[in-house]
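Both ligands and their constituent atoms are indexed starting at 1 by order of listing.
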Amino acid sequence: MTEIIVSGMRPTGSLHLGHYVGVIKNWLKFQEDYESYFFLADWHAVTSNYHSIDVIKRSRHEYVKGWLACGVSTDKAHIYNQSDIPEILNLAQFFLTMTPPGWADRSPSWKDLKVNPNRRLDNLGFYTYPILQSADIAIVRGNLVPIGEDQLTHLEISREIIRKFNRLYHTDLPEPSPKLTKIPKLLGIDGAKMSSSTGNVITLQESPKSLQKKINKMKTDETRAGIESPGNPDNCSVFDYHKIFSTDTLKAETESACKAAQLGCGECKKNLGQTMKELLIPIADKMSKITDSECDDILAQGKKIVGEKIRNNWNKLRHQAGF
Ligand code: SF4
């Protein structure tokens, strides 16, 4: 049986390095090994951006350009926009009606929101988004979902919803399994959680000048008195980036030279800048050559091909459920 993997990204701003290492790099592997469904999760984006829909609209093209520039291929994977295919919402509505509120209460994102004094629930879409997520997976009969360990509960909710649906309506939707992915620790340039909304990210389209400027602002080992004293790379955001992006040789040299007080932070940041330029400039260059209309064509193709598959699946489920 062909394994079907499903993964979406919420188009809510600029594509950045966190997306690259946490999602896109994995997609490049998946598209070789599985029948892959990669989508713009724009309905999910609405739950946090309903008051600034323009951001979602603007981000759609950027995301598709970034995916293609990094190597995601329409010859190997399906690319589509969630809101172009209304049958996903039809199934989500069906799932909503049979999901007890207690299941949605278990969602880690919802629990985080409840304990965070700076946030409050201002829409039910956010509360019920694990249910829409379940429909995203089930509607293409996905059996693999790439997630980090911290998202296992989300997938467990989907498995329970799908199991209940199968039991009630004698359907045979696959219960999706986690495809656990290693997500390297990559914080923002200020050492806090990476987020487009706080501007602490390095985007995939950073100019060389702004890239180096951002790297120069990164936090280093604050206990290091100066170039003459040894540094601790394990306590340094710059080295965290070296660990992910630099060659093994540069990593080893940086670590030992820092500990031996033979490398200044300025030079270390310049080296990181060079590494990042080698990675990002070709991506930015490719992105700049992909037009909006090419992206529209790709999404139109996804709407047609994936839409047809989804419509067939939905009609079959609806018929089986007697609805
Ligand atoms: S030399 Fe590099 S690794 Fe060491 S503290 Fe400075 S920036 Fe960090």
Which residue owns the protein heavy atom closest to atom 1 (S) of ligand 1, what's the atom, and how far is it? R224 NH1, 3.2 Å

With no hydrogens and no angle check, just 3.5 Å: does a side-chain donor-acceptor pair link Y37 and D136? no

Kindly compute the distance separating CZ (R224) from SG (C265), expressed to the nearest 0.5 Å. 4.5 Å

Could you tell me whether any N, O or S atom belonging to C265 is less than 2.8 Å from atom 6 (Fe) of ligand 1? yes

Atoms in ligand 1 with a heavy atom of T220 nearer than 4.0 Å: 7 (S)

Note: ligand 1 atoms sitting under 4.0 Å from heavy atoms of L263 are 1 (S)

Does this structure show an ion pair linking K259 with E255, if we count only N-O contacts that are shorter than 4.0 Å? yes

Mind checking the OH-CG spacing from Y241 to L17? Nearest 0.5 Å is all I need. 6.0 Å

For atom 2 (Fe) of ligand 1, the protein heavy atom that lies nearest, with its residue and separation: C268 SG, 2.4 Å

So for C258, does at least one of its heavy atoms come nearer than 4.0 angstrom to any atom of ligand 1? yes

Tell me, which protein residue and heavy-atom name are nearest atom 8 (Fe) of ligand 1, and how many Å apart are they? C236 SG, 2.3 Å

Do you know the tightest heavy-atom contact between R10 and T47? NH1-OG1, 3.9 Å

Does K65 come within less than 4.0 Å of E62, counting only side-chain N to carboxylate O? no

